[in-house]
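Data first, discussion second: the structure below is written as structure tokens.
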Amino acid sequence: MGKMELENVSVIIPEKASSTTGFFTKPRKPFKEKIIEIILLLLTVLSSILIFFVMFFVISKAIPVLKASGFSFVFSGGWDENFLNAWQTSGEQSALKFGALPLIAGTVLTTSGALVFCLTFGLGCAIFLSEMCPAWLRKPLESTVRLLAAIPSVIYGLIGLMIVVPFISKHLISNELSLRMIKICALDGTSLLAGIIVLSMMIGPIFIAMASDAIKSAPKIYKEASLALGLSHWRTIVKIILPAARNGIVAGAILAAGRAIGEAIALSMVTGSVANLPNPAHGLVFFLEPVRTLASTIVDNAEGMSVAACESALFACGSFLLLSCVLLSLFSRIFSGNLRTGGVSDK
Amino acid sequence: MENNRCKIKVKNLSVWYKSFQALREVSMEIYPQSITGLIGPSGCGKSTFLRCMNRLNDLVASFRLEGNIDIDDYNIYKPETDVVMIRRKVGMVFQQPNPFPMSIFDNVAFGVREHNPRIKKGELEDIVIDSLKRANLWDEVKDKLNVSGLSLSGGQQQRLCIARVLAVSPEIILLDEPCSALDPVSTAKIEELLFHLKDSYTVLVVTHNLGQARRISDYIGFFLNGNLVEYGKAADLVVKPSEKSTEDYLAGNFG
Amino acid sequence: MKKSLLIVSLVAVLTLLCVQLAFAAGTISVQVNGKALSMDSKPFIKQGKVLVPMRAIFETLGASVKWDDKTQKVTAKKGSTEIALWIGKKEAKVGSKNVILDVAAAVDKGRTFVPLRFVAESLGAKVDWVSSKNLVVVTTGGGGAAAAELSGSLKMSGSTSVQPLAEELTQVFMKENPKVQITVTGGGSGVGIKDAADGKVNIGNVSRNLKDSDPKGLVATTIAKDAIVIVVNPKNPVDKLTTDQVKKIFTGAITNWKDIGGKNAPIIVNSRTAPSGTFDFFKEKFLGEDNVVATAKQHASNGLVRQAVAGNENAIGFISMGFMDSSVKAPTLDGVKPTLENAKNGTYKVVRPFIMVTKGAPTGLAKSFLDFVLSSEGQSIVKKEYISIQ
């Protein structure tokens, strides 16, 4: 407190000085403002340092496994066996080799599946909500979407576990199919498909809310110009409104993708809890095969942290999650940059 | 009023936004190959009137209309009317220049491509060049057709918007205060352009600028509080208005 | 190091002293928290109960005493506990509760004598009778010896299966001994054994028996037992399994329920993630050197395995007996029904001990803690979810 009072005293002197320097002199910033500026600057610097610290920490922890595994971390499987091995023979160099291909594939497949849903069905919803919905229906629908976007993901996990998984196992998986596949993987409803459905339910509302905001804030003058040129409402949406809203739509998709990539609990509940790499050669059964994502793996195997090799392996998963975040934000930057310079193209 | 056959015939047109009545039983005949200027103070209903001509008011949820607007003897507010077809016939230029965020060429070609997706490339180029020429913009942009339309100056942008409308060959062109955002030089260019356009189109111009109305219009309609107070040949109306309020407005007593 | 040495020597001296005193006196002596209780009159035994002079015991236990001459009533108060006795009456009161005593308080040579066990236990102390020395040992506080003087810290690590129980036990122990700090970390049984042998922790938590391959010199104290149950869906007609069948199922040699008397349907195997102590034990008991089949679902908890088995007709899994409920069915194993009874009486064999290992016999604070765990208070905590060793 004492210090503050001293500073207050010193404020008076420069202000008096500035009042004598003339009308056109830039007024000195009050001391308090300066202090606030400095504090804000420090906080900003601190938070960015924190981010780098987190990255450094995660990657440094991941290095033993990444170094021992090399590219086979990305291109080979066998995670569960590796993990058990590392757990049982803690400390051995051979236990540091991990293959996370199924986990990476699981993450990419669930996320991209949910994104496909967003960019088709979700975009349709957003268009309806912002362009076609009758006025009396819009408000209730919008609040519903926002409410859905705020529901904690574990709730969607429960819904998935109680409704989606049993539905898939009852109606999509026959006893014969399951028997035929049992040597390759256990089909019990927990699957890539269930993961995609649950993720879609989870990130759909977020995407719809953001996309419909973006569509609504597309400049009205473009819409009027297009309509006045004799384009139908639909053609106007496709050719003018969506391109103008593209930035916001992409931002929504990236935010949704970010949440999808990092989702752990809900997915670990419905995707099958086994590091299985679905095989496209199985046709549509591909979607019924179990998977496990990087984030779910960290949660499921967290108990193994006490063994250094296991810990490093989990941090290796974490570093891949971080990497995907960095890529996403880079992607969004490139995209918005493109829009600013190039603009909407008709072709 | 005129022996010439009228292009647009408005009869007892009343418009409401919710409970506010924006137009009161307006009747008016608009003639082809001429420029009709619509004047009046802000909020008098002249822009609303203009936007009824291409049914752009349909976008407003609370909009309600009574009366008839016949274009070439066809009531455009008949329920079975295809709005899109009306808008192809009735082009519109807005107060704020609003070229699309795409290249100059694409701006002009946009509507043409939409209406005729299978158009040949050469044919399309001919239309674009012709439209730009008629909009008096060709000489200024012929070397940079691939540059974004947004990089042009305000006056050029507005002429680009006119070219965009001309390209889809409408019969009627509506201009909603097209020069209010522009400097005098650009304004003069657009006025000159409008003067040429009236040979082939029916032109309706909403304007704030009395001088502009006087310079370019063949007919002038004076709106006040949703009423069409006076409508007649520009020369007559300006010289000896029959209504007191018109006289006051022209004299600058309000506006 | 110095401190613990000091404590050890102190305990040794005191013990020697007590033994000598007991022998020297040849009469009943009372020890409170390791110190002999000094009394102006000698305690005596009446109907098998030890009676001691009122003032001495109450003051030593930190209670205030009031004597009402008119009603011949003794009231003692310690904290929120109040006890009342009447000379010559077998009725007594603890708080508002009426208690019937085996022997009433008495007056002898102008001194009031009260039954030691009743007053000490009512005031929260523990009473033990060492008949060979005619010694009554009274300990106050949580239960360990000399609880009032307990302080210091303990480190524990090891099995994540034991961890929740260990944490619950330490929490109660620390509440009763505020100066004691105990930290419990996981790591798995192997880590617990290794850390205890290396001296990194005072106590290692292990959810299996010690093996020959484990480091020498470790002393195991069994604190509880936990049964592992193989479970299937209630709709599954299979209701008996053999150890061999379980092994074949979990290693992928049998994949169809038909092969073991069920329907023609695939067996969905549900296992635990590698770090699980339950998995450790299951693997040791059923699979030996073989690994669980690669298609097995790997769940992070008992609850998730139960949920998975409850949700799929063709599923099989294994859970701790504490997690059994009607949503899953436990087939007999080698003809034995997996019940708590059978686990207790030893007919159901898939029971693993929860043990706490120390390097050498437990001493000092570790001993106090283990004594507490084995006391009826500690075992009552064990009983909540596991099989008590009593």
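Per chain, numbering begins at 1; letters A, B, ... match sequence-line order.
- Counted within 6.0 Å of CZ on B:Phe195, heavy atoms from surrounding residues, nucleotides or ligands total 12 or fewer; the atom is thus considered open.
- By number of non-hydrogen pairs under 4.5 angstrom with chain A, the leading residue of B:Asn54, B:Leu56, B:Val93, B:Val168 is B:Leu56.
- Residues A:Ala228 and B:Met92 come closest through the heavy atom pair CB-CB, 3.9 Å.
- The 12-atom threshold is exceeded at NZ of B:Lys78, counting heavy atoms of other residues, nucleotides or ligands nearer than 6.0 Å.
- Within the 4.5 angstrom heavy-atom criterion, no atom of B:Pro170 approaches chain A.
- The minimum heavy-atom distance between B:Glu114 and A:Leu231, with the atom names listed, is CG-CD2, 3.5 Å.
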| said: Run A:Leu229 and B:Phe110 through side chain to side chain contact (heavy atoms under 4.5 Å, CB included) and show every step you take. | reply: CA-CA 9 Å; A:Leu229 269 180; B:Phe110 181 76; 4.0 Å; yes
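- Here the closest heavy-atom approach between residue A:Ile240 and residue B:Met102 is recorded as CD1-CE, 4.1 Å.
- Looking at B:Arg164, both its backbone and its side chain come within 4.5 Å of chain A, counting heavy atoms on both sides.
- In this structure, the portions of A:Ala225 lying under 4.5 Å from any heavy atom of chain B include both its backbone and its side chain.
- Of the residues considered (A:Ser226, A:Ala135, A:Gly230), A:Gly230 shows the highest number of contacts with chain B, using heavy-atom pairs under 4.5 Å.
- Residue A:His233 holds its NE2 atom at 11.5 Å from CG of B:Asp58, rounded to the nearest 0.5 Å.
- Atom NZ of A:Lys216 has more than 12 heavy atoms from other residues, nucleotides or ligands within 6.0 Å.
- Under a cut-off of 6.0 angstrom, the local environment of CG in A:Leu40 is crowded, with over 12 non-hydrogen atoms contributed by other residues, nucleotides or ligands.
- In this structure, chain A has no heavy atom under 4.5 Å from any part of B:Val83.
- Considering only heavy atoms from C-beta on, B:Arg113 stays 4.5 Å or farther from A:Lys239 through its side chain.
- More than 12 non-hydrogen atoms from other residues, nucleotides or ligands lie less than 6.0 angstrom from NZ of B:Lys144.
- The two residues A:Tyr222 and B:Phe100 have their closest heavy-atom pair at O-CE2, 3.4 Å.
- Contact tally against chain A (heavy-atom pairs below 4.5 Å) for B:Ile86, B:Leu59, B:Asn98: the top residue is B:Asn98.
- Neither the backbone nor the side chain of B:Leu174 comes within contact range of chain A; no heavy atom of the residue lies under 4.5 Å from a heavy atom of that chain.
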Could you list the donor-acceptor pairs under 3.5 angstrom formed by side chains in residues 119-130 of chain A, with sequence neighbours left out?
unit_1   : atom_1 : unit_2   : atom_2 : d
A:Thr120 : OG1    : A:Val116 : O      : 2.8
A:Thr120 : OG1    : A:Phe117 : O      : 3.1
A:Ser130 : OG     : A:Ala126 : O      : 2.6

